[in-house]
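Report on the structure given below.
Read the numbers this way: they start at 1 and go in the same order the structure lists the ligands and their atoms.
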Amino acid sequence: MSTARTTDPVALLQDLIRIDTTNPPGDEGACAAYVTDLLEGDEEIDVRVIGVTPERANVVARFKGRGEAPPLLLHAHSDVVPVTGQDWLHPPFEGRLVDGEVWGRGAIDMKGGLSMMLSSLLRMRERGERPAGDVLLAVVADEENGSGVGARHLVQEHAELFDGVRYAIGEEAGADIELDGVRFHPIVVAEKRACWLRASLRGPGGHGSRMMPSDTPMRRLAGLLTALTGTRLPRHKGAAADRMLAELARRLPGPTGEAVRRLREDDTLDRPPAGLPGEQARYLDSVLRHTVNPTVVRTPDKINMMPESLSVDMDGRILPGDFTVADFESEVRALAGPDIGFELLLEGSRVDPARIREPEFGGFYDSMVEILEKADPGAVPLPMITPASTDNRLFAQLGIRCYGWLPMRLPAGSPHRGMLHQANERIPVDALRFGTDCLSTLLRDHR
Ligand SMILES: [Zn+2]
């Protein structure tokens, strides 16, 4: 690789983008080799390449610390989602630098974060510094397709590599959010878990040339979709969302802050304040409750025949805390009607829900807050819940407290948050440097 052994996050990101790790099939082996090449040949770094196959390799590197603190884990996935059918202004796998931004698939999700981690570690090594405790860097495959040969494999088959780790940093968080003139830097403290359901709808079928009775599966499908789209499951109160609302209410000026305060205090208020922009309002809405979205409808695919059965797959997401699948199903049933049978397709991506705990707001959280406040005076660190799933849920299975923290400071009004998995994914050079500096401070000061 041309710029191997650089410590610059921009050059690192350009190199990483040029290694096509579209998943499927993944092919993260080349990326693992690149990372290994950067880190190898140093007595203070123990580098291991672990994979179910060489093509799907993971890297776990351990930077030796002074033995004065427990090991800290940084983890990043090396795979990216496909670009199929997307219309890009610049090629997605060339890592072009255009007007102060690095373009390409993975720039945000999450080769940008990986390059911040690599750069902060390489710079520490360059300065001859040692962190208080060992720092582990796990570069994992397959996050975008279930993590089976990536983080899940490491956690299930190589758990001893992570012995003693108390805290971990991974995706997502990232880009700051601008609301009412206040810039917030998210720190993800909790995740929802997936609960995917299948509803089967049955009823009379028949030849498509005839008038149909009123209880055909298609008619029932219309009812189900109407009941579950554009509607809300009941609101729940949890520690992470409450702390987030408290912080928003305290920091947002004027009527929006007042409206968030009312939302926090009055459990009967069901929806986010009208003053919030659509994207932020939908986000808030999604972390106050479980959600369910019908996403796949399966029919026999025959135009002249009314099917006797069809199925609807639904992407459900359960809040962190003590909620069970049965709790969730009964809420969905209350909207969809009592006579629909559900089959559980997947829960929490096969992890132990008891390990997906409410967040910890202690010393480690506070140190991230302090770093952000110094790095961007006037901006506000904000604890957040992510409605999506990341590899944090898997490393949490080892009893590690996981946070999503890849800080980026972006120009006001920047569209970067919406670029995940979309065309024209890119990241400003300044945002990369900002995140690298924050992580460097964490590695230096972590006790
Ligand atoms: Zn990601």
Side-chain angles (χ1 to χ4, degrees), residues 9 12-13 16-17 19-28 31-32 35 56-59 73-84 86 92-93 95 102-118 137-155 168-177 186-194 283 286 315 317 348-349 351 356 384-396 402-408 410 415-427 431-432 435-436 439:
L12 288 166
L13 176 57
L16 290 168
I17 287 173
I19 305 170
D20 183 351
T21 50
T22 299
N23 188 8
D27 265 340
E28 300 90 340
C31 191
V35 171
R56 309 299 308 268
N58 306 284
V59 180
L73 170 64
L74 309 179
H75 61 93
H77 65 85
S78 54
D79 61 326
V80 296
V81 293
V83 296
T84 326
Q86 296 182 350
F93 298 105
V102 180
W103 282 64
R105 173 55 84 226
I108 302 258
D109 183 14
M110 70 168 285
K111 287 176 171 172
L114 173 55
S115 65
M116 289 177 198
M117 292 174 181
L118 277 169
L137 173 69
V139 182
V140 297
D142 204 26
E143 194 273 344
E144 300 290 5
N145 202 13
S147 305
V149 298
R152 186 187 305 281
H153 176 71
L154 292 181
V155 164
I169 289 194
E171 64 179 350
E172 44 155 1
D176 59 69
I177 306 163
I187 301 173
V188 171
V189 296
E191 283 190 14
K192 293 175 96 173
R193 71 182 200 269
Y283 163 77
S286 307
D315 183 346
R317 304 284 169 147
S349 306
V351 296
I356 312 238
M384 282 178 55
I385 306 167
T386 173
S389 288
T390 72
D391 280 339
N392 280 322
R393 77 190 189 282
L394 295 162
F395 289 108
C402 295
Y403 298 85
W405 193 55
L406 299 167
M408 297 173 203
L410 296 169
H416 290 80
R417 255 189 182 274
M419 287 182 186
L420 260 79
H421 300 195
Q422 308 298 314
N424 300 328
E425 188 178 349
R426 59 195 187 274
I427 187 171
L432 267 181
T436 305
L439 287 181

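- The nearest N/O/S atom of E171 to the Zn ion (ligand 1) is OE1.
- The name of the N, O or S atom in H77 nearest to the Zn ion (ligand 1) is NE2.
- Side chains of S286 and K192: no donor on one and acceptor on the other come within 3.5 Å.
- Side chain of N392 to backbone of E171: a donor-acceptor contact under 3.5 angstrom is found.
- Applying the side-chain contact (heavy atoms from CB on, under 4.5 Å) test between R56 and each of T21, N23, D27 identifies N23 as the sole match.
- S389 is listed as a side-chain neighbour of R317, based on a closest heavy-atom distance under 4.5 Å.
- Between the Zn ion (ligand 1) and E144 there is no N/O/S contact shorter than 2.8 Å.
- The N, O or S atom of D109 lying closest to the Zn ion (ligand 1) is OD1.
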